Participant: 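I'd like to ask some things about the structure below.
Because the structure is predicted, anything quoted here is derived from the model rather than measured.
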Amino acid sequence: MTPRLDAISVTTADVAASLAFYRRLGLDIPEGAESAPHVEVALPGGQRLLWDTEDVVRSFDPGWSGSRGGERLGLAFLCDDPAEVDAVYADLTSAGYEGHLKPWDAVWGQRYAVVLDPDGCAVSLFAAATP
C-alpha cells in the first residue's frame, strides 16, 4: 500500500475571510460554510482543500502556536492566459487583499504573480507566457 495525497489543509484565524478569498479564486465553497469550524471542498482530480480554525487545531494539538520559520507551503492557481493572471491579481488587490508580487514575465516561461490570503499565506497565480 502506498500513501496518496488526499487533502491540503489551511489553518485560518478567520474562516469567513479565508473562504471569501478562495471563492474569488473560483472555488465552489458552499454558502453558510463560514459558520463551521472545519470546511472541506473537493478539487478537480479528487483531492480536497480543508480549512480549520486555529481553535480546532488547538483542540487536538494544545501546544500549536502557528507556523514557524516562514512560508513552507503555498497554493498555486493556473490561469488560462497571461491576461487572466493580470485580471485576477487586479481583482484581488482591488478587493483589499495584499499583493505580494505584481504580475511579471518569469524567466521560466510563465506570467506569474503572488497575492497573500487573509492569513498571510502566499497564493501564486500563473499561466504559460504567450510566445
Side-chain angles (χ1 to χ4, degrees):
M1 179 182 216
T2 302
R4 65 187 188 284
L5 179 64
D6 178 73
I8 300 165
S9 180
V10 174
T11 303
T12 181
D14 185 338
V15 172
S18 188
L19 296 183
F21 176 85
Y22 288 99
R23 278 189 183 114
R24 277 191 103 86
L25 283 168
L27 294 183
D28 186 19
I29 301 168
E31 290 301 321
E34 298 80 5
S35 62
H38 174 84
V39 179
E40 297 186 17
V41 297
L43 301 173
Q47 283 81 30
R48 296 172 297 140
L49 185 56
L50 319 174
W51 288 264
D52 286 300
T53 64
E54 293 173 346
D55 288 340
V56 165
V57 174
R58 285 189 193 101
S59 75
F60 59 83
D61 184 358
W64 181 83
S65 62
S67 63
R68 298 181 190 134
E71 181 185 316
R72 302 288 182 181
L73 179 68
L75 299 176
F77 284 75
L78 173 63
C79 297
D80 287 336
D81 55 41
E84 187 178 25
V85 172
D86 294 357
V88 171
Y89 181 90
D91 175 66
L92 290 169
T93 56
S94 68
Y97 298 107
E98 183 179 346
H100 180 67
L101 295 173
K102 292 180 180 180
W104 84 97
D105 294 322
V107 297
W108 55 85
Q110 293 176 328
R111 183 74 172 161
Y112 211 90
V114 179
V115 179
L116 302 181
D117 80 0
D119 292 292
C121 297
V123 176
S124 297
L125 310 169
F126 70 97
T130 53

Participant: Apply the side-chain contact (heavy atoms from CB on, under 4.5 Å) test between Ser18 and each candidate in Thr53, Ile29, Val39, Thr12; give the one that qualifies.
Facilitator: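 Checked Thr53, Ile29, Val39, Thr12 against Ser18; only one passes side-chain contact (heavy atoms from CB on, under 4.5 Å): Thr12.
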Participant: For the side chain of Glu34 and the backbone of Gly32, is there at least one donor-acceptor N/O pair under 3.5 Å apart?
Facilitator: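 At least one qualifying donor-acceptor pair exists.
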Participant: Determine whether Leu5 and Leu43 fall in the same hydrophobic cluster, where Ile, Leu, Val, Met, Phe, Trp and Tyr are linked whenever their side-chain heavy atoms lie under 4.5 Å apart.
Facilitator: no
Participant: With a 4.5 Å cut-off on side-chain heavy-atom distances among I, L, V, M, F, W and Y, is there a chain of contacts connecting Trp104 to Val115?
Facilitator: no
Participant: Which heavy-atom pair separates Tyr112 from Ala106 by the least distance, and what is that distance?
Facilitator: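 Nearest heavy atoms, Tyr112 then Ala106: CB-CB, 4.4 Å.
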Participant: Of the non-hydrogen atoms in Leu50 and Ala7, which two are nearest, and what is the gap between them?
Facilitator: CD1-CB, 3.7 Å
Participant: Under the side chain to side chain contact (heavy atoms under 4.5 Å, CB included) rule, what do Leu49 and Val10 come out as? Steps first, then yes or no, please.
Facilitator: CA-CA 8 Å; Leu49 185 56; Val10 174; 4.1 Å; yes
Participant: Taking all atoms of both residues into account, what is the closest heavy-atom pair of Phe126 and Ala76, and its distance?
Facilitator: CE2-CB, 3.8 Å
Participant: Report whether Val85 and Leu92 are members of the same hydrophobic cluster (ILVMFWY, side-chain heavy atoms less than 4.5 Å apart, transitive linking).
Facilitator: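 Yes: a chain of side-chain contacts under 4.5 Å links Val85 to Leu92.
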Participant: Could you tell me whether the side chain of Gln47 reaches within less than 4.5 Å of the side chain of Arg4, counting heavy atoms only?
Facilitator: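 They are not in contact (no side-chain heavy atoms under 4.5 Å apart), so the answer is no.
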Participant: Where do Val56 and Ser59 come nearest, in terms of heavy atoms and distance?
Facilitator: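 So the minimum-distance heavy-atom pair works out to O-OG, 2.5 Å.
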Participant: Between atom CG of Asp6 and atom CZ of Arg48, what is the distance when rounded to the nearest 0.5 Å?
Facilitator: 4.0 Å
Participant: Please evaluate residues Asp55 and Arg58 with respect to the criterion side chain to side chain contact (heavy atoms under 4.5 Å, CB included), reporting the C-alpha separation (whole Å), side-chain torsions for both, the decisive distance (0.1 Å), and the verdict.
Facilitator: CA-CA 5 Å; Asp55 288 340; Arg58 285 189 193 101; 3.7 Å; yes
Participant: Using 0.5 Å steps for rounding, measure from the CG atom of Asp86 to the CG atom of Leu125.
Facilitator: 10.0 Å
Participant: Could you tell me whether Asp61 atom CG has more than 12 heavy atoms of other residues or ligands within 6.0 Å of it?
Facilitator: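 For Asp61, atom CG is crowded (more than 12 foreign heavy atoms under 6.0 Å).
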Participant: Return the minimal non-hydrogen interatomic distance between His100 and Tyr89, and the atom names on each side.
Facilitator: N-OH, 4.3 Å
Participant: Atom CH2 of Trp51 and atom CG of Asp14: how far apart are they, to the nearest 0.5 Å?
Facilitator: 13.5 Å
Participant: How close do Ala129 and Pro82 get, counting heavy atoms only, and between which atoms?
Facilitator: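 Heavy atoms only, the tightest pair is CA-CG, 4.1 Å.
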Participant: Any sub-3.5 Å donor-acceptor pair from Asp81's side-chain atoms to Ala127's backbone N or O?
Facilitator: no
Participant: Return the CG to OG1 distance between Asp119 and Thr11, rounded to the nearest 0.5 Å.
Facilitator: 8.5 Å
Participant: Going from CG on Asp117 to CZ on Phe21, what distance comes out if it is rounded to the nearest 0.5 angstrom?
Facilitator: 5.5 Å
Participant: Nearest 0.5 Å please: distance from the CG atom of Leu116 over to the OG1 atom of Thr93.
Facilitator: 11.5 Å
Participant: Are Leu75 and Leu101 in one and the same hydrophobic cluster, where Ile, Leu, Val, Met, Phe, Trp and Tyr link if side-chain heavy atoms are under 4.5 Å apart?
Facilitator: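 Looking at the clustering, Leu101 is in a separate group from Leu75.
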Participant: Report whether Val123 and Ile8 are members of the same hydrophobic cluster (ILVMFWY, side-chain heavy atoms less than 4.5 Å apart, transitive linking).
Facilitator: yes
Participant: Under a 3.5 Å cutoff, is there a donor and acceptor pairing between the side chains of His38 and Glu40?
Facilitator: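 Their side chains do contain a donor-acceptor pair, which is all the 3.5 Å distance test asks for.
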